[in-house]
Chemist: 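Got a structure for you, questions after.
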Amino acid sequence: MNDYWCIPSKEDADFVACMEDVIDVYELPYNPARPVVCMDEKPYQLLGDVREPLPMRPGDDQKTDSEYKRNGTCSIFAFVEPLGGKHHVSVHEHHTAIGWAQEIKYLSDVMFPDAEKIILVMDNFNTHKAASFYKAFPPAEARRIIKHLEIHYTPKHGSWLTWPRLSLM
C-alpha cells in the first residue's frame, strides 16, 4: 500500500506563492456578497457492465464482474461554495473552452447573480482562462462575466488545494 503526498520541488517559489494566495482566500470570513467558490473539472471514463451484476442481499454488497466495456468519456464540472453550502455539478460530453465558459456563466448568472464578485479558486488548466469567454460569447458578454470574477489559481502540482477540507472528486 502507498501513501500519496504532494511533494513539490525543494525550492519552488511559484508553488509557494500560489499556495499561500489560495490559503489566504480560504481564511476570508464568509461574505455572501463575495462568495468563495472552488471549481474543479475532471475527465471521467464511462463504463458499462459486460455481465449482469448479482442481486444484492441484505448485509451484502452488490457483486459486479471486473470485466467492463468502455462507453466513452465525459467531463464533470463541480462548483462548491463551502461556507455558503451551495454546490453545482454538471456533465459535458467533451472538455472544451466553450463548455468551461458556459459553466462559469451559469455560476455568475444563476448561482450568484447578486454577488459583487465571485472569488473563484481553480487549477490553471489550459481552458480555465479569460480567453475562453471570448471564444464562447460576444466581447461585451465575455467582459461582463470576467468583471464578475476574482480568480485565484492553485499552484501547478497543487490542484488538491481546490477543495479546502473537502474530498469531493
Side-chain angles (χ1 to χ4, degrees), residues 6 8-9 11-47 70-169:
C6 175
S9 302
E11 295 177 23
D12 189 342
D14 188 54
F15 183 94
V16 173
C18 287
M19 178 186 69
E20 288 185 344
D21 176 58
V22 169
I23 289 170
D24 286 346
V25 168
Y26 291 155
E27 290 179 341
L28 294 172
Y30 177 62
N31 180 352
R34 296 178 60 81
V36 174
V37 178
C38 307
M39 178 263 163
D40 204 0
E41 178 182 3
K42 179 179 181 175
Y44 194 78
Q45 185 175 205
L46 303 171
L47 304 176
R70 296 181 200 286
N71 290 328
T73 60
C74 66
S75 188
I76 299 172
F77 290 88
F79 297 91
V80 176
E81 181 200 12
L83 298 179
K86 285 187 177 181
H87 70 278
H88 168 71
V89 176
S90 66
V91 178
H92 288 248
E93 190 172 342
H94 302 288
H95 165 85
T96 65
I98 291 171
W100 176 80
Q102 290 168 336
E103 287 298 320
I104 299 299
K105 180 177 166 102
Y106 179 88
L107 174 77
S108 175
D109 295 356
V110 176
M111 291 184 71
F112 300 100
D114 299 324
E116 62 186 48
K117 282 277 186 193
I118 299 167
I119 302 171
L120 183 59
V121 177
M122 62 184 170
D123 63 20
N124 54 8
F125 199 69
N126 66 345
T127 58
H128 300 170
K129 307 288 182 217
S132 295
F133 297 113
Y134 291 93
K135 291 177 181 177
F137 308 113
E141 179 69 353
R143 191 73 195 136
R144 179 190 69 81
I145 297 167
I146 291 166
K147 289 173 78 171
H148 202 198
L149 303 173
E150 177 184 313
I151 296 175
H152 297 265
Y153 290 106
T154 59
K156 288 183 181 165
H157 193 64
S159 63
W160 52 272
L161 281 166
T162 305
W163 303 108
R165 297 171 294 232
L166 298 174
S167 179
L168 297 177
M169 294 186 76

Chemist: Minimum heavy-atom separation for Lys117 and Leu149, please, with both atom names.
Modeler: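 Shortest heavy-atom contact: NZ-O, 3.7 Å.
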
Chemist: Testing the basics here: between Ser132 and Trp100, what is the closest heavy-atom pair and its distance to 0.1 Å?
Modeler: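 Of all heavy-atom pairs spanning Ser132 and Trp100, the closest is CB-CE3, 3.6 Å.
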
Chemist: Step through the shown structure and confirm whether more than 12 heavy atoms of other residues, nucleotides or ligands are within 6.0 Å of OH on Tyr44.
Modeler: no

Chemist: Could you state the interatomic distance from OH (Tyr134) to CD1 (Ile146), rounded to the nearest 0.5 Å?
Modeler: 4.0 Å

Chemist: If I compare all heavy atoms of Leu28 with all of Leu83, which pair ends up nearest, and what's the gap?
Modeler: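 Distance-wise, the nearest heavy atoms are O-CD1, 4.0 Å.
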
Chemist: So with a 6.0 Å cut-off around CD of Gln45, is the heavy-atom count from everything else above 12?
Modeler: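 Yes, the 6.0 Å shell around CD holds more than 12 heavy atoms from other groups.
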
Chemist: Minimum heavy-atom separation for Ser108 and Ile118, please, with both atom names.
Modeler: CA-CD1, 3.6 Å

Chemist: Taking all heavy atoms of Val121 and all of Val36, pick out the closest pair and write down the distance.
Modeler: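 The pair with the smallest heavy-atom distance is CG2-CG1, 4.4 Å.
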
Chemist: Would the distance check show the side chain of His88 and the main-chain N or O of Phe77 forming a donor-acceptor pair, the cut-off being under 3.5 Å?
Modeler: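 The answer is no, because no donor-acceptor pair under 3.5 Å joins these two groups.
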
Chemist: Do Ile145 and Ile104 come close enough that some side-chain heavy atom pair is under 4.5 Å?
Modeler: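 Counting from C-beta outward, Ile145 and Ile104 do come under 4.5 Å.
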
Chemist: Under the rule for side chain to side chain contact (heavy atoms under 4.5 Å, CB included), what residues qualify as partners of His95, not counting sequence neighbours?
Modeler: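 Checked His95 against side chain to side chain contact (heavy atoms under 4.5 Å, CB included); matches are Glu41, Ser75, Phe125, Asn126, Thr127.
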
Chemist: To the nearest 0.5 Å, how far apart are CD1 in Ile76 and NZ in Lys42?
Modeler: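 Going from the CD1 atom of Ile76 to the NZ atom of Lys42 covers 7.0 Å.
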
Chemist: Atom CD1 of Ile23 and atom OG1 of Thr154: how far apart are they, to the nearest 0.5 Å?
Modeler: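 The distance works out to 11.5 Å.
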
Chemist: Check Cys38 against Tyr26 and note the closest heavy-atom contact, atom names and distance.
Modeler: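 Cys38 and Tyr26 have their closest heavy atoms at SG-OH, 3.6 Å.
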
Chemist: Please confirm whether Lys129 makes a cation-pi placement over Tyr153, using NZ or CZ under 6.0 Å from the six-membered ring centre and within 45° of the ring normal.
Modeler: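 Verdict for Tyr153: a cation-pi partner in Lys129.
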
Chemist: Counting C-beta onward and ignoring hydrogens, is there a side-chain heavy-atom pair between Phe15 and Lys156 closer than 4.5 Å?
Modeler: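 No - every pair of side-chain heavy atoms lies 4.5 Å or more apart.
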
Chemist: For the residue pair Glu103 and Met39, establish whether any side-chain heavy-atom pair is separated by less than 4.5 Å.
Modeler: no

Chemist: Do other residues, nucleotides or ligands put more than 12 heavy atoms under 6.0 Å from His92 NE2?
Modeler: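 Above 12, so yes.
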
Chemist: Measure from the side-chain N and O atoms of Lys135 to the backbone N and O of Ala97, and report whether any donor-acceptor pair falls under 3.5 Å.
Modeler: no

Chemist: Where do Met111 and Glu81 land on the side-chain contact (heavy atoms from CB on, under 4.5 Å) test, with the steps shown first?
Modeler: CA-CA 10 Å; Met111 291 184 71; Glu81 181 200 12; over 6 Å; no

Chemist: With side-chain contact (heavy atoms from CB on, under 4.5 Å) as the criterion, how do Leu120 and Leu107 come out once you've worked through the C-alpha distance, each side chain's angles and the decisive distance to 0.1 Å?
Modeler: CA-CA 10 Å; Leu120 183 59; Leu107 174 77; 4.1 Å; yes

Chemist: With sequence neighbours left out, which residue pairs that include part of residues 140-149 fulfil the salt bridge (charged side-chain N to carboxylate O under 4.0 Å, His left out) condition?
Modeler: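 Passing the test, one end in residues 140-149: Lys105-Glu141, Asp109-Arg144, Glu141-Arg144.
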
